[in-house]
> 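My questions will all concern the structure given below.
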Amino acid sequence: MKKVELLAPAGGYETMVGAFNAGADAVYLGGAKFGARAYADNFDTQQVLDAISYAHLFGKKIYMTVNTLVKEREYSELYDFMLPFAEKKLDGVIVQDLGVMKLIRDEFPDIELHASTQATVTGVNGARLLKELGCVRVVPARELSLMEMKEIREKADVEVEAFIHGAMCYCYSGMCLFSSMVGTRSGNRGRCAQPCRLPYYLAGSHSKEQYPLSLKDMCTVSIIPELIEAGIDSFKIEGRMKRPEYAAGVTSIYRKYIDLYYKDSTAHHEISKEDMDILSSLYLRSQISQGYYHKHNGRNMVTLDSPSYNGTSDKVLSDVKEKYLDKELKLKCKLSCRLYVGEEASLIMSLVHSGQEIVLETHGNKVQEASKRPMDKENVLKQLSKFGGTAFEPEKIDIDIDDRGSGKGIFIPVSELNELRRNLCDQMIACITEQDKDLAAMKVTKENADELESKVSKLPDHKPCLHVLVNTTQQLESVLEVQSRNHNISRIYIDSNLILGSDGSFDSDKAELFVALPYMTRHENFDGTLDIEKIADSAMEKGISGLLVRNLEQLGILKFRGYTGKIVLDYGMYIWNEQAASMVKNMVSEVSVPLELTIHEAAEVTDKVRKNLGIPVSFNVYGYAPMMISAGCIKKTLDKCSGNLGKVSVSQAAIVDRMGNELKVTTNCRNCYNVIWNALPTSLHKKMENIAGRFSFDNYRVDLTVEDRVASLKVLNGYSDFLSSGAIDKEFDDLKFTTGHFKRGVE
């Protein structure tokens, strides 16, 4: 029976050693670049190499986080960064960026690819798609239920790594722009400023400041049997930013109860008060929950009053340090020493490593007959037991001495016994950690393994058209009104709620119609998967030309159903570099520029995607940025649930931050998620002449989200008139706006 892997965080070398001492089977760590914890005490290159050697010596594994989004100009650094770790046989890499995934898959095929929770895997189809792209393991979104996790494991036939303990994000990981939109610190780049831990209150109410976006920490030690029986392959502890005592202490408690389960899976192992006190004393917030395994959301999952941590017990920290951090792992071994007069001295070491017995023997000079004081077993044992500075600890030493009947005893210099011991230790380490010297077999080449198709379509340079996304009937009517006066609007994206709420078709003789699929697709009791299938099947009869895809699950559904319409990837399907686009080039007809790129970064990746892959690129020029997509519900937390789960229902609320900014919140009841919008829309109307004159985007996109009819008409008229006349008139004079990341970008 394959046992579940216990995976611990390691922010530094000491933390790694402590986690292994406490019973971790593997650790995940970040290198000097490309890791989603930029402020952790990350490993430099040599420390990573030493960590791999140390782990492999004891049959443990090292996974590296290369899970940030990588800009086009940074991409060339990836190969040289990864090469030494590949040569050292790094066990796995945790990845978000599809382009990074491609490089590791093609250049370093011996390293396992694990899709990060930042990839927002929410179902079987997204997991299947990632498996086809080269992943052997996925870390699903933390919002998934135990049923959904089990379904992915069984139906996608891919390993599942799931979080079991630690801090929880309010937003689906990988879909959060909050930190970057209010500053420059992007969660997609490992620099989240945690705005979810700040106070907010419900607009229009007189309630005190609360913390509606701050989730309780996860603690699942009491449901370990359920998690194991669901087929989860790896239990992941969150916390690379936390102290070594945290990683070691938490690991030890979970190790204890995992082992108890395997010792007797039928018994009920009550979690002792002492163990819960230890967990509570190791950087858990004031309240804990079991995460989303048995809940979709709820007020009782939120730390409304305070997101602060419990007080940390100095005694617990001291005990953990003494038990796990002040020592290193040792390999138990057996020694057999043969010292016969006239024969070469012989020392044999045997141990079991990774389920196999290894036996090595070394020889010295011929043993002499003693002329004065003979060497007895006690003296030999004393020298052979000196393993203090090594990775070995002898649990049995057999010594066989024979002076061949002379009665004088044997003699061997102490220095020679020490040398025999040292040589044998070095040989055993080399045997365990032996590297594959045939690097050619690893295909380490700077050329892409997959050549681009010989016939790449060349996109003609043309005047960009205007695409508009609508979420309400009023907005749709506004688009049709503006469109009736000119031909600049060539495509309309209609939110799926409008499509599902209508029995008829949608007609426009001047623009092609697309359905904007939901931000989130889940297979829960309201089964969003069926909605995607229904829309895909009825697209033609409703006059729909294509679909705007917003997550991997949707792309997987359409691919495996053989959907033949046009597919446009939304800006949240991150194409930060050309290689990310090349991973999906056979599945999509168009991609969108991510919202966190500057205009120059956007132009850089756009030029390569257009010229080298022949894929059109859309650039957003207006819209409220969706800062958070959350399974949590603001209304349910601060007011009450509207009770429309699974129904075509969208409602609006708003929260107010400490600066008095009002953030509108859309509650999507059909798919049961919230969208928290930026306080101001991003509008590039003052930059349009510069954009049009210097950069080659195929289409400009305007997103209407929370605007009423009047606001919608102003925005549409302004951008439509610009395409006609090349100038911006007074439509935007009274607009309060931001230019987003047009210049400032993200770190």
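When a residue number appears, it is its place in the shown sequence, counting from 1.
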> Side-chain donor-acceptor pair under 3.5 Å between R191 and S186, yes or no?
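Note: R191 and S186 side chains miss the donor-acceptor criterion.
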> Before giving the answer on side chain to side chain contact (heavy atoms under 4.5 Å, CB included), spell out for S683 and L735 the whole-Å C-alpha distance, their side-chain angles and the decisive distance to 0.1 Å.
CA-CA 9 Å; S683 185; L735 178 69; 4.0 Å; yes
> How about L279 and M276: do any of their side-chain heavy atoms sit closer than 4.5 Å?
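A side-chain contact under 4.5 Å exists here.
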> May I ask you to decide if the ring planes of Y493 and H467 are parallel, tilted or perpendicular, using 30° and 60° as cut-offs?
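Because their plane-to-plane angle is over 60°, the rings of Y493 and H467 count as perpendicular.
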> Looking at D305 and Y211, what are the two nearest heavy atoms and their distance?
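Residues D305 and Y211, closest heavy atoms: O-CE1, 3.3 Å.
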> Report yes if some heavy atom in the side chain of Q118 is under 4.5 Å from a heavy atom in the side chain of N188; otherwise report no.
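With C-beta onward as the side chain, the pair touches.
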> Would a distance-only check, ignoring hydrogens and angles, find a side-chain to backbone donor-acceptor pair under 3.5 Å from Y246 to G239?
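Between the backbone of G239 and the side chain of Y246 there is no qualifying donor-acceptor contact (under 3.5 Å).
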> What are the two closest heavy atoms between A230 and K150, and how far apart are they?
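Looking at all heavy atoms of both residues, the closest pair is O-CG, 3.5 Å.
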> Is there a donor-acceptor contact under 3.5 Å from the side chain of Q210 to the main chain of Y201?
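No, the answer is negative, given that no donor and acceptor are paired below the 3.5 Å cut-off.
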> Checking side-chain polar atoms at under 3.5 Å, does Q96 have a donor or acceptor matched by the opposite partner on N67?
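There is no such pair between these side chains.
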> Hey, what do you get for CZ (R153) to CZ (R137), rounding to the nearest 0.5 Å?
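Taking CZ in R153 and CZ in R137, the distance rounds to 9.5 Å.
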> Could you measure the distance from the CE atom of M218 to the CE atom of M301? Nearest 0.5 Å is fine.
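Those atoms lie 8.0 Å apart.
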> Is V302 close to L215 at the side-chain level, that is, under 4.5 Å between some pair of heavy atoms?
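In short, these two side chains touch, coming nearer than 4.5 Å.
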> Using the six-membered ring of F514, assess whether NZ or CZ of R491 lies under 6.0 Å from its centre and within 45 degrees of the ring axis.
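Yes, cation above the ring, under 6.0 Å and within 45°.
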> With no hydrogens and no angle check, is any side-chain donor or acceptor of S592 less than 3.5 Å from a backbone partner on L569?
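Indeed, once roles are kept as given, a pair shorter than 3.5 Å links the two residues.
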> Do P518 and Q554 come close enough that some side-chain heavy atom pair is under 4.5 Å?
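Yes - at least one pair of side-chain heavy atoms lies under 4.5 Å apart.
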> Evaluate side chain to side chain donor-acceptor pair (under 3.5 Å) for S214 paired with R197, printing each intermediate quantity in order.
CA-CA 5 Å; S214 178; R197 304 297 181 187; 2.7 Å; yes
> With distance as the sole test, does S145 use its side chain to make a donor-acceptor pair with the main-chain N or O of E148 at under 3.5 Å?
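Yes: the side chain of S145 pairs with the backbone of E148.
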> Should we count NZ of K714 as having more than 12 external heavy atoms under 6.0 Å?
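No - once you tally the heavy atoms of other residues, nucleotides and ligands closer than 6.0 Å, there are 12 at most.
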> What pairs of residues pass the salt bridge (Lys or Arg N to Asp or Glu O under 4.0 Å) test when at least one of them lies in residues 210-222, not counting sequence neighbours?
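Matches after skipping sequence neighbours: D217-R285.
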> Would you please say whether a donor-acceptor pair under 3.5 Å links the side chains of S478 and Q475?
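Per modelled atom types, S478 and Q475 side chains form no pair under 3.5 Å.
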> I535 and L547: which non-hydrogen atoms are nearest, and at how many Å?
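Here I535 and L547 meet closest at CG2-CD2, 3.8 Å.
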> Please check if the side chain of D657 supplies one atom and the backbone of M659 the other of a donor-acceptor pair under 3.5 Å.
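Yes, the answer is positive, given that a donor and an acceptor are paired below the 3.5 Å cut-off.
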> After noting the C-alpha distance and the side-chain angles of L146 and H294, does the key distance pass the side chain to side chain contact (heavy atoms under 4.5 Å, CB included) rule?
CA-CA 7 Å; L146 193 56; H294 295 299; 4.3 Å; yes
> For Y571, which residues count as a ring pair (Phe, Tyr, Trp, His ring centres under 6.0 Å) partner, sequence neighbours excluded?
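Ring pair (Phe, Tyr, Trp, His ring centres under 6.0 Å) list for Y571, sorted by chain: empty.
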> Do Y257 and D275 meet the criterion of a side-chain donor-acceptor pair at a distance under 3.5 Å?
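Short answer, yes.
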> Please round to the nearest 0.5 Å and tell me the distance separating atom CG of D97 and atom CD1 of I575.
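Output value for this atom pair is 8.0 Å.
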> Can you find a heavy atom in the side chain of F178 that is under 4.5 Å from one in the side chain of C171?
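When only atoms from C-beta onward are counted, C171 and F178 do not touch, as no gap falls below 4.5 Å.
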> Testing the basics here: between L558 and A536, what is the closest heavy-atom pair and its distance to 0.1 Å?
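Heavy atoms only, the tightest pair is CD2-CB, 3.9 Å.
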> Hey, could you give me the OH/CZ distance between Y719 and R701, rounded to the nearest 0.5 Å?
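Reported value, rounded in 0.5 Å steps: 13.5 Å.
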> Do we see a donor-acceptor contact under 3.5 Å between the side chains of Y622 and E707?
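Yes - a donor-acceptor pair under 3.5 Å links their side chains.
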> Run the side chain to side chain contact (heavy atoms under 4.5 Å, CB included) check on I634 and I655 step by step: do they pass?
CA-CA 8 Å; I634 298 293; I655 54 175; 3.7 Å; yes
> Does a donor on one side chain and an acceptor on the other come within less than 3.5 Å for T666 and Q652?
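Present: a donor and an acceptor within the cut-off.
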> Can you tell me how far apart OG1 (T251) and CD1 (I237) are? Round to the nearest 0.5 Å.
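CD1 of I237 is found 3.5 Å from OG1 of T251.
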> Answer yes or no: is there a donor N or O on one side and an acceptor on the other, between the side chain of N471 and the main chain of L704, under 3.5 Å?
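At least one qualifying donor-acceptor pair exists.
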> Check whether N668 reaches the backbone of Y673 with its side chain - one donor and one acceptor, N or O, closer than 3.5 Å.
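Judged by distance alone, no pair lies under 3.5 Å.
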> Give a yes or no on whether the backbone of L517 and the side-chain of R550 come within a donor-acceptor separation of less than 3.5 Å.
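Indeed, once roles are kept as given, a pair shorter than 3.5 Å links the two residues.
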> Looking at every non-hydrogen atom in both residues, tell me the closest pair between C633 and N674 and how far apart they are.
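That would be CA-OD1, 3.3 Å.
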> Do you know which two heavy atoms are closest between C672 and N297, and how far apart they sit?
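Minimum heavy-atom contact is SG-ND2, 3.8 Å.
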> For Y170, is there any backbone N or O sitting under 3.5 Å from a side-chain donor or acceptor partner on S630?
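Between the backbone of Y170 and the side chain of S630 there is a qualifying donor-acceptor contact (under 3.5 Å).
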> Do M573 and V588 have side-chain heavy atoms sitting under 4.5 Å apart?
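No, side chains not in contact.
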> Could you measure the distance from the CZ atom of F235 to the CD1 atom of I224? Nearest 0.5 Å is fine.
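Here the rounded value is 6.5 Å.
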> Which is it for K566 and E590 under the salt bridge (charged side-chain N to carboxylate O under 4.0 Å, His left out) test, yes or no, and what are the steps along the way?
CA-CA 8 Å; K566 295 179 182 179; E590 188 175 319; over 6 Å; no
> Is it the case that E553 and T122 place a side-chain donor and acceptor less than 3.5 Å from each other?
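No - no donor-acceptor pair under 3.5 Å links their side chains.
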> Would you check, one step at a time, whether the test side chain to side chain contact (heavy atoms under 4.5 Å, CB included) holds for M587 with L129?
CA-CA 11 Å; M587 291 180 268; L129 179 60; 3.7 Å; yes
> Using side-chain heavy atoms (C-beta onward) and a distance below 4.5 Å, is L130 in contact with V158?
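Not touching, per the 4.5 Å side-chain cut-off.
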> Taking atom types as modelled and ignoring hydrogens, do the side chains of E226 and T220 form a donor-acceptor contact shorter than 3.5 angstrom?
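Judged by distance alone, the side chains do not pair up.
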> Kindly write out the residues that satisfy ring pair (Phe, Tyr, Trp, His ring centres under 6.0 Å) with F737, not counting sequence neighbours, or none if the list is empty.
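Checked F737 against ring pair (Phe, Tyr, Trp, His ring centres under 6.0 Å); matches are H685.
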> I'd like to know if the side chain of S179 and the backbone of R185 have a donor-acceptor N/O pair within less than 3.5 Å.
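Here the side-chain-to-backbone pair exists.
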> Compare all side-chain heavy atoms of S116 with those of V139 and state whether any distance is below 4.5 angstrom.
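They are not in contact (no side-chain heavy atoms under 4.5 Å apart), so the answer is no.
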